[in-house]
Each structure stands twice: as structure tokens, then as C-alpha cells.
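Source: prediction; values computed, not measured. Letters A, B, ... are given to chains in the order of the sequence lines, protein chains preceding strands, and every chain is numbered from 1.
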Amino acid sequence: VLGSPPSAPWPPQNAPAALHTTPPLAPVLALVDGPAELPVCAVPVCAVEPVACELDGAVAPCALVVVPAPCPLLVGDPGDSPPAPSPPSVLAQPAAPRAATADAVTMTAAKHLRACTRPGYARRAATARGMRAGRAGTLLAWRRLMLDAFAHAFDGDGTLCDEREALPMGAVRARGLALGELLAAAGVDPSERVALRPANSAASAAALLFFVSEGRPVALLPPRADAPASCRAELVPDADAPLGVRLVVAPRPPVAGARGVALSTSGSLGRPKVALHEHAALAANAAACVTRLGLTRADRVAIPVPIFHMFGLGAALVPALLAGASIDVQERSNVVRFVARERAFDPTCAFMTPTFARLALAARHGARAYRVTVVAGDRMPRAALEAYEARYGVVAPLYGSTELGAIAACSPHDDLDARAATVGAPLDGVTVALEPIDDDVLGAGAREIRVRHANGFAGYLDALGDVTPRALEGDLWRTKDLGELTKEGRLRVLGRADHAVKRDGVLVMLADLEAELAALTGGAACVVLGGDTTRGAELVACVAPADGGAALDAPSVRAAAQGALPSYAVPDRVVALDALPITSTGKIDRAALRRRHGGTEGP
Amino acid sequence: MNQAEILERLIGLVHDAAPPGLALDGSTQLFEGGLGLDSFGAVDLIGRIEEALAMQFVDDDFAPEHFTLGTLAEIVAKRRAEAAR
């Protein structure tokens with residue numbers, strides 16, 4: 001461990017008992033100083049590396065966690081000068097846990113240190129050698145480290161708001177404690193998974209943050225989903241209840257379930273799956289978002305996206321909490337309400353879909369500088385991004401999934417080209433590999449984004465509350481997205497692997513074709529569906545006019561495409577619509593278009 | 001054009017898209033429990049009002065107390081009067 005041992009007793013005497021039920025995650029071994037302006041409450045993680053270490057004479061699986069110092073939970077050298085701007089944050093990780101002695105861990109820590117060029121790092125590397133002594137008192141539990149981040153998160157002077165109330169963070173914590181008492185009084189054990197049907201309200205967010213910060217199992221239910229059979233206790237939003245949520249406990253015995261936060265996938269392409277995220281992993285991924293997006297306690301974060309989906313929860317709500325920022329969760333959000341809340345809350349950051357950003361731009365005439373607007377869920381075309389930035393400040397695209405959480409994100413400090421063309425560099429704890437796809441249709445050249453994510457999900461949760469560990473190829477998760485890495489190491493997402501067809505021997509990325517058609521039609525919304533590929537790839541383009549634009553004429557759109565595109569990329573059919581259907585999460589509903597307008601491409 | 005006439009124009013603009021059977025008057029809500037506009041519907045309506053009534057909204061007009069047709073008509077009248085000065 002780098003730096004001097006903690007001055008306070010370790011482990012803390014008041015650590016919650018639940019934290020001592022540890023496996024499979026393990027102690028932290030190394031601390032490295034790093035990024036500047038570390039938010040007081042956040043613990044960003046530079047790297048998490050599974051290793052096996054000798055502890056008290058026995059070999060135990062451990063996580064080598066490299067966190068920046070100064071860290072509120074860890075005591076650094078008091079004589080250190082203030083840290084300089086952030087070092088490289090993507091560090092290689094081994095493919096699998098490997099045996100390591102304390103010496104080897106020291107070597108690994110030193111390797112990370114050597115990757116950094118500042119003198120401070122060299123000094124720390126020297127200190128690292130002191131680790132050979134293996135002071136047990138300085139070993140930290142990774143889980144505890146992450147959950148302690150939450151313990152500090154409610155200490156700040158931020159507020160959690162919605163249109164009805166503004167709760168100081170102390171009151172948010174108090175609500176959590178009261179909720180814990182309510183559950184205990186109803187006989188709900190802390191190890192029992194509780195179903196939470198969160199609305200985007202301060203009350204629901206406070207309840208959600210209670211489960212997340214206390215490390216208690218919780219299943220987040222989308223609005224119309226049934227509670228899983230494994231949850232007998234359910235919390236339902238109720239504005240009249242003292243805590244803003246009402247507890248309903250079914251009269252049946254509790255089911256012991258895996259720990260973690262369960263999130264439903266969107267399920268637009270079939271049965272929703274439920275992904276289970278360990279609390280510590282969720283926190284570590286959120287901490288990585290704090291660092292990348294530069295969130296601080298000075299920020300005021302507007303969240304019009306649902307907090308029961310990964311974008312709203314893992315990239316917005318939890319990071320904002322860890323940063324000590326103020327938070328505004330927006331219920332029944334639309335652009336008019338968003339602007340109304342903007343006046344009341346005065347946000348510095350907002351999280352939204354590209355569609356929402358486009359509509360917000362169309363609805364308004366004024367300008368207002370946000371520090372950053374984080375967009376995810378879809379590609380934001382460059383023209384739209386530039387138009388938005390001209391009036392509302394920097395846009396930072398983020399890329400992630402329900403299963404893995406946030407994978408990559410642009411920093412607000414990235415240049416325009418990087419923000420317009422990529423989703424930024426992989427986040428801390430994430431390694432991206434591009435694997436050629438061996439596919440008759442896509443052919444050579446297409447590469448799928450595969451991800452090794454130290455803080456991704458643990459597995460899928462079945463109806464009985466059991467976890468099916470995530471299936472990996474090697475140790476990489478298949479995103480089913482096609483992509484490429486720029487020479488600077490930023491990720492460019494080209495589109496879904498199943499949103500591409502081969503025509504005349506040429507790979508046609510449907511997303512690229514959509515962008516071309518949008519340009520040809522003066523910014524119309526376009527979706528291209530790939531037809532049955534075994535019969536030779538039909539292309540069907542569904543187009544709808546831009547906001548305020550004139551209705552489109554299908555034959556003339558096709559004629560324009562014929563004039564501008566290579567023959568293999570010209571859609572066989574063009575369907576002109578008044579508007580494209582949208583899912584509840586604000587994405588274009590491709591499945592609905594496919595059902596209505598052909599294209600037999602699956603899934 | 002006075003405020004009552006503006007309200008009539010607004011009702012005309014939303015009439016076709018309104019849920020069948022919904023009474024359209026000054027108290028009609030724009031969102032839930034009324035016209036049921038989403039972001040797309042709201043942006044569309046804003047654009048059509050601005051075009052039909054030759055005015056522009058400002059951000060301050062997007063306030064919860066303006067979420068009915070009646071208060072919307074009030075705002076439109078106010079912005080038109082300002083523009084005429």
C-alpha cells in the first residue's frame with residue numbers, strides 16, 4: 001500500500017456488519033495518487049486488477065485497486081504537493097486472477113506508477129516498496145472502500161430535488177434510515193431483495209440510494225413490470241406516505257437471493273432480462289463516471305431520464321451523489337417540463353438522449369451554458385451535436401449498457417472532433433477489444449466491440465432470485481455493437497452488429513446510410529431496416545420530416561438517394577411517415593417499424 | 001386579436017390531435033390528464049403556435065403554471081403585445 005497507514009483504527013469500529021460477509025470480492029492492495037480536483041466524496045478507481053495475495057500466511061483472491069489520492073478514506077503523505085491533472089486512466093488488466101505474492105503486487109503497483117510521469121508518482125513508487133512488510137492494518141476491503149464512498153456522500157451540502165420538494169442530503173440519509181426501520185418493523189431482513197418501483201421523484205431516488213448505499217439487495221422495476229416472485233416486499237411510490245413510498249409485503253416466506261442491484265434490460269427485442277450488479281461494482285463504475293465527466297460538488301445535475309435504467313442510475317444519479325452534487329430528478333419529463341425545471345433548479349449538467357436534446361433545441365430560441373450535457377442511448381449526429389453546443393454548451397456522448405453499465409464516455413475537455421465522432425475512451429476498469437466477426441453477411445472488416453469490464457454485471461437474475469453468471473467469450477463481453485478505436489484510443493461506435501447488411505459484396509452500415517439519407521432530406525429522421533439477408537439484403541428506409549419540416553415524398557427521397565449514393569446503398573423501398581415511433585426510453589422504436597414496414601431482419 | 005380569440009385559435013390548433021371526447025377550453029391541460037402531449041407533441045405545438053400567431057416563446061414561458069390552454073393563451077397574448085410595441 002502506498003502512502004502512510006490510516007491514522008484512524010482500521011477497520012472502522014462502526015463498519016456495518018453486512019460488509020464482513022465478503023466473498024467473492026476481496027481486499028484492496030494499492031493506492032496511487034492521481035487525478036486532480038478529486039471530489040471530496042468520490043473515490044474514482046484507476047484500475048481494478050484481480051490477483052491472489054498472501055494474507056496472514058494464506059493465499060486469498062484479492063483485487064488490486066488503484067485509486068487516486070488524496071482520498072478522503074485513505075491517508076496519503078501530508079507533505080505532498082497538490083496533484084496535477086489526470087494521468088492515463090486505462091490500464092491493462094490480466095485475463096484472469098493469477099497467483100501473486102505481496103512482492104508481485106508491489107511490482108504491479110510500481111508498474112502502474114511507472115506509467116505516470118509526474119515526480120509524485122516516482123516518490124510513491126518508492127513508498128510502494130514498503131509494502132513488502134505487508135502491514136495487515138493497511139489492507140482495505142474493496143467493498144468497504146466503495147461503500148464508504150456512500151457513507152461520505154450524504155455529508156455534503158447538496159440537495160436532492162424534484163418539482164415538489166428539495167431534500168438536503170442529510171434528509172436523504174434520514175429518509176433512508178427511516179426506510180430501514182420501516183422494513184425492519186415489517187420483518188424484512190437486510191439480506192432480502194426488495195422490489196422498488198421507482199418514479200423519477202426525490203422520494204423514490206432517496207429510497208433507491210438507501211439500498212444502493214447500504215449494500216442491500218434491490219430489484220428496480222420498470223413502471224409496468226411485475227415484481228419478481230423472489231421479492232415478497234415491494235416499495236411503491238405514494239406521495240401521501242411519509243417517506244413518499246409505501247411498503248407492501250406479500251404473505252409468503254422470504255427468499256434468500258444474491259446481493260446486488262437488479263436492473264431490467266429494455267426488452268424491446270423480446271423478454272426483458274434482469275441484470276444483477278454488485279453494489280461495489282456499481283459504485284466503482286459510477287466513480288469512474290465522476291472522474292471522466294468531471295463531476296464535482298459544485299455541479300447541479302438534471303436527470304430527466306429514468307433512474308431505474310442504467311443510464312439514469314449508473315451514469316447520472318449515483319455519480320452525482322458520489323460527487324456530492326445537487327440532483328434534480330424529473331418525473332414525466334418532456335422538453336417543456338425540462339425547461340421549467342431548468343429555471344427552478346439552475347442545473348450545470350444534464351443527462352438525456354440525443355432525441356431529447358434535439359427536441360429541446362427545437363422547442364427553444366434562447367441559449368444557456370451548461371457545463372456539460374451527457375447524451376447516451378443512441379448516436380448523436382455531428383450536425384445535431386454542433387447545433388446543440390452552439391446554444392447549450394459541451395455535449396459528452398457516453399456509451400454503455402444495462403449489463404455493463406457505463407463503458408466509455410467523452411470528457412467535457414475532449415475536442416469537438418472526438419466528441420462528435422466517438423464516445424470517448426474506455427472508462428477506468430474497462431478494456432475494449434475489437435474482434436473481427438466471422439460472418440458470411442458482414443464479411444471481413446467488421447469488428448465487434450468486446451469489453452472486459454471490472455465493474456460490469458455479475459449475471460442475469462432469474463425469477464427465483466438465482467444468478468446465472470454472465471457468459472463471456474474468453475473474459476470478454478460481446479456488445480453486439482460494431483466499432484473501431486481511434487489512434488488516441490477513443491471508441492467509435494458504428495452501429496449494431498445486427499444493423500448492417502452486405503449488398504453487392506459491400507458492407508452497408510445501416511447507421512451510416514441513415515446519416516446519408518438524413519443529410520439528403522434536410523435533416524429528416526431516418527431509419528433503415530435491413531431485410532432478409534439470405535435473399536440478398538433488402539433495404540427499407542423509413543423517413544419522417546425534421547421538426548417543422550415539410551412532409552416527405554417517398555419517390556423523391558429514393559430519387560435523391562439514387563443520385564447521391566452508390567447503387568448498393570440505395571434503399572429498395574422508402575416509406576414516408578409523419579413521425580417515427582419512439583419507445584418509452586426515447587429511442588426510435590425499430591422493432592415497431594420492422595413490424596409495420598417490413599424488413600425481415602431479426603432480432 | 002384578444003385573449004379569447006387567441007384561445008379559440010389554440011383550440012383550433014390542437015383540435016385534431018386531441019384525444020376524442022376531450023372538452024377543449026381554457027382549463028384543458030397540455031400534458032397528462034389533458035392533451036397528453038409528449039416532447040414531440042409539445043415541440044410540434046410550440047412550432048405551430050409560433051407560426052400561426054406570429055410570436056415567439058421565451059424559456060420563462062415554459063412554467064408549470066402555463067400548462068393549460070388558457071394560461072398558454074395568456075402568454076401568447078402577452079408576447080404578441082410585446083412584439084407589437
Side-chain angles (χ1 to χ4, degrees), chain A residues 162-164 199-200 223 302 304-305 330-347 352-370 391-392 525 544-551 577-589, chain B residues 9-10 13-19 22 26-85:
Chain A
D162 61 16
E163 61 186 359
R164 287 180 299 274
N200 264 39
V305 294
Q330 300 179 5
E331 195 159 16
R332 297 164 300 154
S333 188
N334 60 49
V335 293
V336 174
R337 282 213 170 87
F338 177 79
V339 178
R341 284 305 299 162
E342 183 184 85
R343 212 163 29 129
F345 178 70
D346 194 22
M352 61 183 69
T353 61
T355 302
F356 195 91
R358 180 170 62 82
L359 289 169
L361 198 64
R364 316 172 69 177
H365 302 288
R368 181 190 184 282
Y370 278 78
R391 283 159 54 188
Y392 299 104
D547 306 303
L577 302 168
D578 292 335
L580 298 181
I582 301 293
T583 66
S584 60
T585 54
K587 296 185 187 183
I588 291 171
D589 192 343
Chain B
R9 289 290 299 274
L10 294 187
L13 286 173
V14 302
H15 186 269
D16 288 349
L22 179 74
S27 68
T28 304
Q29 295 284 329
L30 301 182
F31 304 117
E32 301 80 15
L35 297 173
L37 296 181
D38 59 8
S39 286
F40 288 88
V43 170
D44 179 56
L45 180 60
I46 289 165
R48 287 194 295 141
I49 292 173
E50 290 183 339
E51 190 183 333
L53 292 162
M55 50 74 65
Q56 282 200 344
F57 291 104
V58 301
D59 283 356
D60 283 356
D61 298 338
F62 299 156
E65 60 270 25
H66 300 152
F67 290 172
T68 65
L69 284 180
T71 46
L72 194 59
E74 208 173 298
I75 283 296
V76 172
K78 184 174 153 199
R79 295 289 167 234
R80 280 170 57 89
E82 281 170 5
R85 274 204 298 271

Enquirer: Check B/Val43 against A/Ala363 and note the closest heavy-atom contact, atom names and distance.
Expert: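 B/Val43 and A/Ala363 have their closest heavy atoms at CG2-CB, 3.9 Å.
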Enquirer: Taking side chain as everything from C-beta outward and backbone as N, CA, C, O, which of these in B/Glu51 sits under 4.5 Å from a heavy atom of chain A? Side chain, backbone, both or neither.
Expert: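 For B/Glu51, neither part sits under 4.5 Å from chain A.
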Enquirer: Let me know if A/Arg343 has heavy atoms under 4.5 Å from chain B in its side chain, its backbone, both or neither.
Expert: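 For A/Arg343, the contact with chain B is made by the side chain alone.
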Enquirer: Against chain B, label A/Glu342 side chain, backbone, both or neither, depending on which of its atoms sit under 4.5 Å from a heavy atom there.
Expert: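 The side chain, not the backbone.
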Enquirer: What is the minimum heavy-atom distance between B/Ser39 and A/Leu359, and which atoms define it?
Expert: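 What the structure gives for the nearest pair is CB-CD1, 3.5 Å.
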Enquirer: For chain B, which candidate among A/Arg368, A/Arg341, A/His365, A/Arg364 shows the most heavy-atom pairs at distances under 4.5 Å?
Expert: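 Top count of heavy-atom pairs under 4.5 Å with chain B: A/His365.
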Enquirer: Select one option (side chain, backbone, both, neither) describing which atoms of B/Asp60 are under 4.5 Å from chain A's heavy atoms.
Expert: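 Contact with chain A is through both the backbone and side chain of B/Asp60.
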Enquirer: Does a side-chain heavy-atom distance below 4.5 Å link B/Ile46 with A/Val336?
Expert: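 B/Ile46 vs A/Val336: side chains touch.
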Enquirer: Heavy atoms only: give me the nearest B/Pro64-A/Ala340 pair and the separation to one decimal.
Expert: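 Result for this residue pair: CD-CB, 3.8 Å.
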Enquirer: Checking heavy atoms, do the side chain of A/Phe356, its backbone, both or neither come under 4.5 Å from chain B?
Expert: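 Just the side chain, heavy atoms under 4.5 Å.
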Enquirer: Can you list the residues that meet the side chain to side chain contact (heavy atoms under 4.5 Å, CB included) rule with B/Asp38, with sequence neighbours excluded?
Expert: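 B/Phe40.
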Enquirer: With only heavy atoms counted, which part of B/Leu30 is less than 4.5 Å from chain A, the side chain, the backbone, both or neither?
Expert: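 Answer is neither: B/Leu30 stays 4.5 Å or more from chain A.
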Enquirer: Who passes side-chain hydrogen bond (donor to acceptor under 3.5 Å, both in side chains) against B/Arg9, sequence neighbours left out?
Expert: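 So B/Arg9 forms no side-chain hydrogen bond (donor to acceptor under 3.5 Å, both in side chains) with any residue.
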